[in-house]
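Below is one structure, written out as structure tokens; the observations come after it.
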Amino acid sequence: SAVISQKPSRDICQRGTSLTIQCQVDSQVTMMFWYRQQPGQSLTLIATANQGSEATYESGFVIDKFPISRPNLTFSTLTVSNMSPEDSSIYLCSAEGGQGLYNEQFFGPGTRLTVL
Amino acid sequence: GQNIDQPTEMTATEGAIVQINCTYQTSGFNGLFWYQQHAGEAPTFLSYNVLDGLEEKGRFSSFLSRSKGYSYLLLKELQMKDSASYLCAALLGQNFVFGPGTRLSVLP
């Protein structure tokens, strides 16, 4: 299994500013993912981040709003740009297990973002 | 779209058995996952099914019928700590799609 950490764990930000969330995995993984989860709701995939290529965004999410970096096989960042109160959510990073068993995903603890 | 459906909420009594159902679109199906998520915490992996049948793991079992696009998670001997959201997720092609989640409340 993979152990994933995220920073910051929570933040309160002003409208119009940007926040970069960091995700660190304790082992090399090919595929990393960024999700958003509104309170009491399920996970919505924002994008898939593969090392060495541009991130692949899901419908409704664009690179200008959510730029992603994937500089190596253990690290990724998600930036929430020009924030508005509608961006208040929990942002979760995950990585595919990569051990050839189930391709299950392991999740970080999440970043709770509040935009005022 | 890629629809995955689960009941929104369920309630059961400590010591009982509960079955949480999940239906999914079958196009491009590559596997079905169940995750548990306690409030304020990250989801944790419970089970994986890719072939028809029942996979048992302790108090938790997961069933899959590929032809029907149907799965269920069975929880036996319920404990208070089992109160959580249970997320069904289907691997459709290379896309990991989560269902809305079922919030389970275990009552004493």
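A note on names: the letters A, B, ... follow the listed sequences, proteins ahead of strands, and every chain is numbered from 1. Just so it is clear, the structure is predicted and the values come from calculations on it, not from any experiment.
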B:Leu92 backbone acceptor or donor facing B:Asn30 side chain under 3.5 Å: no
NZ/NE/NH1/NH2 to OD/OE distance under 4.0 Å, B:Asp82 and B:Arg59: yes
Aromatic contact, B:Tyr35 with A:Phe107 (centres under 6.0 Å): yes
Indicate whether the side chain of [X] and that of [Y] have a donor and an acceptor atom separated by less than 3.5 Å.
X: B:Gln19; Y: B:Asn21; answer: yes
X: A:Thr74; Y: A:Gln28; answer: no
X: A:Trp34; Y: A:Ser94; answer: no
X: B:Asn3; Y: B:Tyr24; answer: no
X: B:Ser62; Y: B:Asn49; answer: yes

Segment of B:Gln37 engaging chain A (4.5 angstrom heavy-atom cut-off): side chain
A:Leu92 versus chain B, the contacting section by heavy-atom distance below 4.5 Å: side chain
Heavy-atom proximity to chain B below 4.5 Å, by part of A:Phe33: neither
Max heavy-atom pair count under 4.5 Å with chain B, selected residue of A:Arg112, A:Gln41, A:Gln37: A:Gln37
Close approach to chain B in residues 15-22 of chain A, criterion heavy atom under 4.5 Å: none
